Participant: 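The following block contains the structure, expressed as structure tokens.
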Amino acid sequence: MAARLTDKQKKKIIADYVQIGSYRTVGKMNGVADGTVKRVVNGCSEIEQKIAQKKEENTADILEYMEKQKSDVCEVLNLCLSELKKPEKYTDTRPQQIATTMAILIDKYTANSGANISDEQSEDELSKSLRELGEKLKSDDGTKD
């Protein structure tokens with residue numbers, strides 16, 4: 001007959017499951033069958049609360065990391081926009097590719113900013129660059145020279 005799990009082993013299994021979320025992986029880590037992990041996890045009355053708490057912690061960690069990377073991301077975006085503003089980039093580019101690029105930029109920017117990009121007074125440099133690029137593309141008839 002198999003040995004009974006100690007309270008310490010059960011707590012470790014629950015903690016590992018909250019972190020990883022896989023019965024099989026947690027079972028391998030702890031030297032028990034995945035069915036044992038499932039039984040221990042399902043026997044924990046607070047498991048849903050612990051999983052929700054872990055998700056909140058993970059979300060907070062990701063948001064903190066993103067905030068720390070904000071200046072680097074803005075620098076990369078500025079480089080990309082600088083490249084996109086070069087007229088020679090569009091001589092051999094199909095209008096569909098240009099429109100797709102423009103749509104992606106606008107969708108991603110406006111989805112997170114909540115800003116009204118038509119408000120000239122509150123327009124930042126990124127908004128202004130995107131608007132100018134859009135106006136240039138809109139005024140271009142899409143034919144190649």
Side-chain angles (χ1 to χ4, degrees), residues 5 7-145:
L5 294 173
D7 283 342
K8 184 177 179 180
Q9 288 171 312
K10 289 178 184 177
K11 287 178 183 178
K12 182 172 181 326
I13 288 171
I14 290 169
D16 289 344
Y17 182 78
V18 167
Q19 180 71 31
I20 297 167
S22 167
Y23 297 128
R24 180 172 289 148
T25 303
V26 172
K28 286 180 182 180
M29 289 173 58
N30 289 279
V32 297
D34 52 338
T36 302
V37 174
K38 187 174 184 178
R39 188 172 17 88
V40 170
V41 168
N42 289 338
C44 177
S45 60
E46 302 167 352
I47 193 69
E48 288 181 21
Q49 178 186 351
K50 290 179 180 187
I51 291 172
Q53 180 182 354
K54 184 62 180 172
K55 284 182 182 179
E56 288 175 14
E57 290 171 6
N58 289 347
T59 299
D61 290 345
I62 289 170
L63 291 174
E64 181 182 342
Y65 174 77
M66 288 173 64
E67 186 63 32
K68 289 179 182 177
Q69 300 301 316
K70 193 174 189 176
S71 64
D72 290 340
V73 170
C74 287
E75 186 178 333
V76 170
L77 285 173
N78 283 332
L79 288 171
C80 291
L81 287 173
S82 294
E83 283 298 308
L84 289 173
K85 288 170 62 174
K86 294 179 180 177
E88 63 271 16
K89 293 285 182 187
Y90 300 97
T91 56
D92 293 329
T93 305
R94 296 186 333 222
Q96 181 181 7
Q97 290 175 312
I98 295 169
T100 300
T101 301
M102 191 174 89
I104 290 169
L105 288 171
I106 291 169
D107 286 349
K108 295 299 178 188
Y109 178 73
T110 58
N112 293 322
S113 73
N116 182 355
I117 59 174
S118 64
D119 184 359
E120 192 73 32
Q121 292 176 338
S122 66
E123 187 173 53
D124 61 14
E125 287 301 313
L126 180 59
S127 298
K128 185 176 179 182
S129 296
L130 286 171
R131 183 181 49 75
E132 289 170 355
L133 179 61
E135 287 171 358
K136 182 177 182 329
L137 292 171
K138 196 177 195 181
S139 67
D140 189 5
D141 64 355
T143 59
K144 296 182 183 178
D145 293 9

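Computed over heavy atoms, backbone and side chain alike; hydrogens, waters and symmetry mates excluded. The model shown is predicted, which means the values in this text are computed figures rather than measured ones.
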Participant: With L5, which residues qualify under side-chain contact (heavy atoms from CB on, under 4.5 Å), at least two apart?
Facilitator: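 Testing L5 for side-chain contact (heavy atoms from CB on, under 4.5 Å), a comparison that skips the adjacent residues, returns Q9, K10, I13, V32, T36, V40.
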Participant: Among residues at least two apart in sequence or on other chains, which ones pass side-chain contact (heavy atoms from CB on, under 4.5 Å) with K12?
Facilitator: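 Partners of K12 by the side-chain contact (heavy atoms from CB on, under 4.5 Å) criterion, ordered by chain and then number, come out as D16, N30.
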Participant: Atom CG of L84 and atom CG of L79: how far apart are they, to the nearest 0.5 Å?
Facilitator: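 CG of L79 is found 11.0 Å from CG of L84.
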Participant: What residues, two or more places apart in sequence or in another chain, satisfy side-chain contact (heavy atoms from CB on, under 4.5 Å) together with Q97?
Facilitator: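 side-chain contact (heavy atoms from CB on, under 4.5 Å) check on Q97 returns T93, R94.
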Participant: Which residues pass the side-chain hydrogen bond (donor to acceptor under 3.5 Å, both in side chains) test with K8, sequence neighbours left out?
Facilitator: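 None.
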Participant: Looking at residues at least two apart in the chain, or sitting in another chain, which of them share a side-chain hydrogen bond (donor to acceptor under 3.5 Å, both in side chains) with T100?
Facilitator: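 Per chain and number, T100 pairs via side-chain hydrogen bond (donor to acceptor under 3.5 Å, both in side chains) with no residue.
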Participant: Could you pull out all residues at least two apart from S22 that satisfy side-chain hydrogen bond (donor to acceptor under 3.5 Å, both in side chains)?
Facilitator: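 S22 satisfies side-chain hydrogen bond (donor to acceptor under 3.5 Å, both in side chains) with T25 once adjacent residues are dropped.
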Participant: Taking atom CD of E88 as the centre, report whether more than 12 heavy atoms of other residues, nucleotides or ligands fall under 6.0 Å from it.
Facilitator: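 Result for CD/E88: enclosed.
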Participant: Write out all pairs satisfying salt bridge (Lys or Arg N to Asp or Glu O under 4.0 Å) with one or both partners inside residues 33-44, taking only residues at least two apart or from two chains.
Facilitator: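 Every pair satisfying salt bridge (Lys or Arg N to Asp or Glu O under 4.0 Å) with a residue in residues 33-44: there are none.
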Participant: Atom OG1 in T101, atom CD in Q96: separation rounded to 0.5 Å?
Facilitator: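 Nearest 0.5 Å value for the OG1-CD distance: 10.5 Å.
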Participant: Please list, chain by chain and in numerical order, all residues satisfying side-chain hydrogen bond (donor to acceptor under 3.5 Å, both in side chains) with K54, sequence neighbours excluded.
Facilitator: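 For K54, the residues satisfying side-chain hydrogen bond (donor to acceptor under 3.5 Å, both in side chains) (neighbours in sequence not counted) are Q19.
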Participant: Taking ring-ring contact (aromatic ring centres under 6.0 Å, His included) as the cut-off, I'd like each qualifying pair that reaches into residues 7-26, sequence neighbours left out, listed once.
Facilitator: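 Listed by first then second residue: Y17-Y23.
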Participant: List the atom pairs, donor and acceptor, that lie under 3.5 Å between side-chain atoms in residues 66-75 and the rest of the protein, sequence neighbours left out.
Facilitator:
unit_1, atom_1, unit_2, atom_2, d
K68, NZ, E64, OE2, 3.3

Participant: Extract all donor-acceptor atom pairs below 3.5 Å that involve side chains of residues 44-51 and protein atoms in other chains or at least two apart in sequence.
Facilitator:
none

Participant: Test of understanding: with side-chain contact (heavy atoms from CB on, under 4.5 Å), list the residues that count as partners of K11, not counting sequence neighbours.
Facilitator: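 Scan of K11 (side-chain contact (heavy atoms from CB on, under 4.5 Å), adjacent residues dropped) gives none.
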